[in-house]
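Structure first, then comments.
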Amino acid sequence: MKKRIRIKDLGLDDAVLSPLTPEDLQPLLGYDGEKFKTIKAETKEKYDFSLDGFSALSLPIPKSKEEEEKIVNAFLKGLEKLFTKENNWGFLQPTTLSTEYCMQCNTCNESCPIYTETGRQDIYRPNYRPEALRRIYHRYFTTAGKLLGKWSGADLELNWRVVYHLAELSYRCTLCRRCASVCPIGVDNALLTRELRKLFSQEMGIAPEGVHKSGSVKHLKTGSSTGMTPAVFLDNIEFIEDIIEEKIGRRITIPVDKQGADILLIHNAGEYMAWPENPAAFAILFEAAGLNWTLSSESMGYEGVNYGVWYDDVQFSKVAIAQVQAAKRLGVKKIVVGECGHATKALVSIADRLCVGDLAIPRESCLPLLESFVTEGIIKFDPSKNNFPVTLHDPCNLVRLMGVVSPQRNILRHIIAPGQFREMPNAGVNNYCCGGGSGFAIMNTNNFPEWRDSVACRMKARQVLEAFDDCLDPTIPKYYCVPCSNCKGAARDGLMEHYGFRDKYNIIYSGLVELMVNAMVDVPSPFISWEDEF
Amino acid sequence: MNLLNHFFTVPFIYISIVVFLSVTVYKIRSYQEMPRHLRWDLYPIPHLGAEGSKYQKLDFHNKVPFFSKADEGKYLGLEMVFIKKAFVNNFRLWLGSWPLHMGIYLGAFWLVLLMLGAIIEINGIQINGAATLSLGWAVKWMTIFVGIASFGAGLLGTIILLWLRYTDEELRYMADFVTYINLFLMLLVFGTGFMAWVTVDTTFDMIRLQTKALLTFSGASVSSLPIVFEMMAFGLFLCYLPFSRMMHFAAKYFFYHNIMWDDEAMKPGSKLEQNISSYLQYQLKWEASHISSGGSWIDQVAETKSTEGGKQDEKENSH
């Protein structure tokens, strides 16, 4: 039930400030009677669930006044640093402007799927947490705020609950930036959410386990966020070569560490572990196209992800530079990022300005290259081999944050049987997040996955059902095309497992390259199967 | 009372203009001097035209990026004149926001016409009694129409927004005290202007006369109370504006050009590269354990070392 939670209520000492119940969720075809699991009492005593009944961060409840003060002081120190060029040159201007100029018009609210799918709970408004941040900043760091308090708009008193609630709230947004795209002024509330995450990580060491310790830290230590070492990577390559031989009847040697190649292809390493058909499909296509390409087995050279892009500029910089350095050591002419939205955006766009001096090396998305295989007739495709309904998911990082909208559509038009491709509602730059964005897909502690699947993935589930509403009959196999690893994780856990898309509607998910290989004239048997486990 | 009349129609106006200009320039300069940020584009970017993002092209780094000033201008025009984003995404709010903004634009134009009329009169050409279709005549009638339109639109927009903020629970929920201060200030500005026009200055001759006095530094003041209130409200608005979020009129330029549409690529030897290289020397003070507090950004990155791998042949030979 919707409860009015004002900004200044953020520090209230309620058991749960804004409890989310299954009844709050917007109705979705065939999904009534959802239940949330009960959290054990000892877990609730240990970690803070007081924002909405969920926990993404496993924040330990402070046991003394000193601990509470320490939390508040650390937060204030971090908040001050966000507005200094030495500590935040990378985002000082956007952060300052978005902090100063929100006109509180709520235009952003209806664009946010988290807000709408939860029955419009106040705390999930895209402007709620940034507005809290503004009022705190105003209260503690401006003359007017210190002197006039609420009369100047600074009506939020800080306590440890406010800090903890803001920390959790910063992980109730997928950073999809739909809110920024509709703001009449250009205020970016998703950016401010990321700045909050940055403050918590870079000052207070607070970040989700899967994103930081088992994410970027593991990545920098072992070479991959999956923990896959170079030796294991090479074993995986051999396994993928086996898959290729099994699928197409002949063996392809995947080039690794080829000095001076034209292209270094870098995948989200999750592909090797969870969806090896994807790097296999890339290898088949690249070999058929006669490209001079390579993978890298060097630590930091085979893992395309950059979790830092979600929460921490220092980790982001470390990963991006290490990836570029690995490519430079191989002497390749350019880096091509495989099917991963955030990896592409991180390396090709955001990190572009970090590539100074001898770090300058061209970097691009795989999609224009794949498009050229189709449009220039480099590889022959038979669209009749993809004669099943297909809809396309648009990864936020590719469409809204990089403008890559047409190559994937061009490809699909050429490789899908006529009449079988259908767009989702709100396709292209107006897309909705898969539900796994900003790290959600790999955040699996406490009951956060339940929140992610029920809330963050809900709009995507709705879109897919609408796209296939004329063929939901499970006797019709359907393909949800997801050209992004992170989004595939959300599809697996959210759409397939939580919403039962595979079992109920015979919808499977996979990437774009798998569809391409499935349509290749030279590949004798289907590359895609509805019987195989995805 | 005469002293107050004089203060609000002469020195206060000069003070408010100086405050407005100096603080506005200071703020704009401070935004301009902030470091170039990391890329944070948001698409579609209008200057890319129908071709769209360069990332859609193979080997885009070898190609000259497409740039269409016409497409950018068209987008900006629609946004500035019609507040298109609000029209599309929040029509109810647009019903108040658009007339308010039109009132402000027309008000700025009206001020220009007042100054033009004053300058014409300083040069010996009479506005009142000017021959039909002469410059003086044109300025007179434009001033009247634009002024009335400005006060009318501004009042209408402000009243609609105040009504929405009062009656719409969701808008009321999010609004802080300052939002209402801003709207009441706009009501005061347009309301006093309207009252002055309707009661004592239907042809705007009195306000033009006072404008002439201000431009020539004659020190002459106005005794008519509606004009005094009008000028006092305007001066108060000018003093307050650069400290408030109503400065979004300037900030919007930065939001669009400097952030959402800033897709300039890094090029070796460029000014951008020089700037970024200098920022990388800044010393961080963040205190989390994974950061070397006190070290530079370069220091943080230099700590990352490749631990193994990289030689496929050696691996094969070792098997």
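Chain letters run A, B, ... following the sequence lines, proteins first and then strands; every chain starts at 1.
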Criterion side-chain contact (heavy atoms from CB on, under 4.5 Å) on B/R165 and A/Q104, from CA distance to verdict: CA-CA 10 Å; B/R165 289 277 177 190; A/Q104 303 167 341; 4.1 Å; yes

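- Using a 4.5 Å heavy-atom threshold, the side chains of A/E371 and B/L58 count as separate.
- Proximity to chain A involves both the backbone and the side chain of B/K252, based on heavy atoms less than 4.5 angstrom apart.
- B/E169 touches chain A through backbone and side chain together, each having a heavy atom under 4.5 Å away.
- From A/K345, atom NZ reaches atom CG of B/D41 across 10.0 Å, with rounding to the nearest 0.5 Å.
- Residue contact with chain A, scored on non-hydrogen atoms closer than 4.5 Å, is absent for B/L164.
- Residue A/K333 places its NZ atom among more than 12 non-hydrogen atoms of other residues, nucleotides or ligands, all under 6.0 Å distant.
- Of the atoms belonging to B/L272, it is side-chain heavy atoms, and not backbone ones, that fall under 4.5 Å from chain A.
- A salt bridge does not link B/E170 to A/R120: none of the charged side-chain nitrogens sits closer than 4.0 Å to a carboxylate oxygen.
- The ring pair (Phe, Tyr, Trp, His ring centres under 6.0 Å) search around B/Y75 returns B/W261, not counting sequence neighbours.
- Neither the backbone nor the side chain of B/S97 comes within less than 4.5 Å of any heavy atom in chain A.
- Proximity to chain A involves both the backbone and the side chain of B/R36, based on heavy atoms less than 4.5 angstrom apart.
- Between B/P35 and A/K85 there is a side-chain heavy-atom pair separated by less than 4.5 Å.
- In this structure, the portion of B/M260 lying under 4.5 Å from any heavy atom of chain A is its side chain and not its backbone.
- Residue contact with chain A, scored on non-hydrogen atoms closer than 4.5 Å, involves the side chain of B/E79 exclusively.
- With B/Y173 as the aromatic partner, A/R4 meets the cation-pi criteria of under 6.0 angstrom to the ring centre and within 45 degrees of the ring axis.
- Ranked by heavy-atom pairs under 4.5 Å with chain A, the list B/V178, B/V88, B/I276 is led by B/I276.
- The aromatic rings of A/W89 and B/Y279 lie tilted to each other, with the angle between the two planes from 30° to 60°.
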The test is side-chain contact (heavy atoms from CB on, under 4.5 Å); show your working for A/L401 and B/Y43 and say whether it passes. CA-CA 6 Å; A/L401 310 189; B/Y43 289 77; 5.7 Å; no

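- Between A/R353 and B/D262 there is a salt bridge, with a side-chain nitrogen of the basic residue lying less than 4.0 Å from a carboxylate oxygen of the acidic one.
- Side chain to side chain, A/D313 and B/W297 fail the donor-acceptor criterion of an N or O pair below 3.5 Å.
- Here the side chains of B/W40 and A/S349 are not in contact, with every heavy-atom distance at 4.5 Å or above.
- Side chains of A/E110 and B/N89: a donor-acceptor N/O pair is absent below 3.5 angstrom, by distance only.
- Counting heavy atoms from C-beta on, the side chains of A/E364 and B/Q56 never come closer than 4.5 Å.
- For B/L42, the parts lying under 4.5 angstrom from a heavy atom of chain A are both the backbone and the side chain.
- The shortest side-chain heavy-atom distance between B/M246 and A/Y101 does not fall under the 4.5 Å cut-off.
- Both the backbone and the side chain of B/F60 come within less than 4.5 Å of a heavy atom of chain A.
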As a quick check of understanding, evaluate side-chain contact (heavy atoms from CB on, under 4.5 Å) for A/K334 and B/H61, giving each step before the final call. CA-CA 10 Å; A/K334 70 179 179 185; B/H61 41 272; 4.1 Å; yes

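- Interface remark: B/N62 contributes no atoms to any contact with chain A (heavy atom separation under 4.5 Å).
- Options B/W286, B/Y282, B/F243 differ in how many heavy-atom pairs under 4.5 Å they form with chain A, and the most are formed by B/W286.
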Report the C-alpha distance between A/H212 and B/H290 in whole Å, list the side-chain angles of each, state the deciding distance to 0.1 Å, and finish with yes or no for side-chain contact (heavy atoms from CB on, under 4.5 Å). CA-CA 10 Å; A/H212 184 66; B/H290 64 279; 3.5 Å; yes

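- Proximity to chain A is absent for every atom of B/N275, based on heavy atoms less than 4.5 angstrom apart.
- Of the atoms belonging to B/Q283, it is backbone heavy atoms, and not side-chain ones, that fall under 4.5 Å from chain A.
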